[in-house]
Amino acid sequence: MAKSQEEIVRIFFNYLSKSSYDDAKVFMEKQRLVNLNNAWPKAMFDILCDFALAEKNYYDTNFEPSRNKMLERKEDENYLDFVYKTLFQDLEKLQTEIDDSYVTKFMTSLLQFISVRLQLLELYDKLYEIGTLNSWINFSELSETVENMQNDLINFSPVDQVLRIVRNELNCIQHLFKCHEHLGDWSYFNSLISLKESSDAFIVWEKCYQNQERWRFNFFFTSKSTLPPLLLWFQRFKHMTISKFMLYFYGILIRQSSLREVRNTSESKNLNFFTKMQQLKQKAEALSAILVYETPDYPSYNISCNGSSPTPAITKMDPYFKYKVIISYPKVPDKFDVVEKIKSNDEENSVNKIEMITDENFTYMLMRVDLKIIFILCFNGKPKNEERERASILEFVSMLRCHRYFTSVNR
């Protein structure tokens with residue numbers, strides 16, 4: 001017995017909302033054999049079968065390079081862009097040939113959905129490009145980009161079931177971007193809230209896969225995660241963000257729990273930035289490895305009431321007024337006013353440069369992680385191997401900036 005248009009659409013998108021892409025495609029192939037009136041053209045079944053396959057590929061094969069695949073991208077590998085754009089063009093053409101109001105409305109909704117997918121693909125391409133540049137990342141701009149996509153996303157029946165999954169994806173990445181933005185401002189409360197919201201979104205998103213019988217069945221026979229690569233990428237990105245949060249607020253976390261609990265949690269995520277910071281310091285044979293937050297409202301100069309030339313605001317050096325040490329291993333040197341010196345030598349592109357400053361018998365190698373956060377290696381005298389230490393600092397800062405995770409968005 002032939003099903004109605006509304007019932008076909010409802011069943012098809014119900015499969016997709018449960019991430020049952022193969023079942024959705026098989027269902028639509030069966031319906032294609034049923035003769036409907038001209039309001040539901042057979043070309044529509046072909047489009048929906050291809051759409052189900054595209055959705056499966058989006059989650060399963062889009063975001064992680066396989067072992068036998070080159071790590072570098074090739075232009076012809078952006079096949080999903082081509083698939084979604086082709087579906088979009090076919091739908092637009094078919095829409096002009098249809099008079100049925102329901103089918104026309106459905107096509108309009110599907111066009112809007114595919115438009116969101118194309119925006120997401122563009123975003124991930126942008127993340128990949130950002131990761132390869134090895135420079136400072138404007139997380140505020142990325143967060144705003146995702147927020148604009150969220151604002152454009154409205155409920156349009158009958159595809160609103162699937163849109164819930166897209167919202168989870170957008171919410172997860174938007175809150176992770178926000179967390180990194182707040183970490184750049186060394187804001188404990190805002191970072192924690194964003195981290196919690198991203199975790200909540202990920203849990204809801206993950207349940208779309210865990211609720212399937214085949215996921216539970218596979219769980220007993222393999223220790224490997226059966227989640228699709230896209231969710232695994234988000235999971236690793238979330239764990240990395242947690243580790244970065246734990247580094248920036250190490251002192252607070254230790255006071256609220258214990259050193260052992262903090263270390264165990266970091267090790268369970270397989271990314272302990274504090275340990276990596278210790279290893280970097282020891283390998284470089286440096287005195288200290290320090291992460292510094294530069295106080296944003298530090299008044300370098302005061303202007304007198306009569307408009308005369310500026311005079312120094314502080315005559316005696318007070319480093320704790322100009323910056324705050326986020327974390328130091330093992331301790332901050334007694335004479336440590338190097339932040340003011342790098343500030344006076346600041347240039348437009350210095351955020352991506354490693355500065356080296358000599359002060360009496362001490363040498364400081366500095367690089368900004370963010371606009372307000374600086375990583376510093378302090379040496380007694382000169383570093384034994386300057387080029388090696390520059391490369392080590394660049395690698396550590398690059399990890400904190402998420403370059404490695406962004407370049408793994410490899411499709």
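In summary, Glu29 and Lys25 engage in a salt bridge, as defined by a charged side-chain N under 4.0 Å from a carboxylate O. For the pair Lys196 and Asp200, the salt-bridge criterion is met [side-chain N within less than 4.0 Å of a carboxylate O].
Note: Phe177 and Phe139 have tilted aromatic rings, judged against thresholds of 30 and 60 degrees for the angle between ring planes. Note on ring orientation: taking the six-membered ring where Trp is involved, the planes of Phe51 and Phe12 are tilted (angle from 30° to 60°). Using cut-offs of 30° and 60° for the angle between ring planes, the Tyr15 and Phe27 rings count as tilted. The aromatic rings of Phe396 and Phe375 are tilted relative to each other, their planes meeting at an angle between 30° and 60°. Classification of the Trp186-Tyr293 ring pair by plane angle, with boundaries at 30° and 60°, yields tilted.
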If you look only at distance, which donor and acceptor atoms sit under 3.5 Å apart when one is on a side chain in residues 89-96 and the other is two or more places apart or in another chain?
unit_1	atom_1	unit_2	atom_2	d
Gln95	NE2	Thr104	O	3.3
Gln95	NE2	Thr108	OG1	2.7
Thr96	OG1	Lys93	O	2.5

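Of the N and O atoms on the side chains of Asn171 and Gln150, at least one donor lies less than 3.5 Å from an acceptor on the other residue.
Each of Lys372, Lys324, Arg368 was checked for a side chain to side chain donor-acceptor pair (under 3.5 Å) with Glu294, and the lone residue meeting it is Arg368.
Both tests hold for Arg117 against Tyr58: distance to the six-membered ring centre under 6.0 Å, angle to the ring axis within 45°.
A search for side chain to side chain contact (heavy atoms under 4.5 Å, CB included) contacts involving Glu285 returns Lys384, not counting sequence neighbours.
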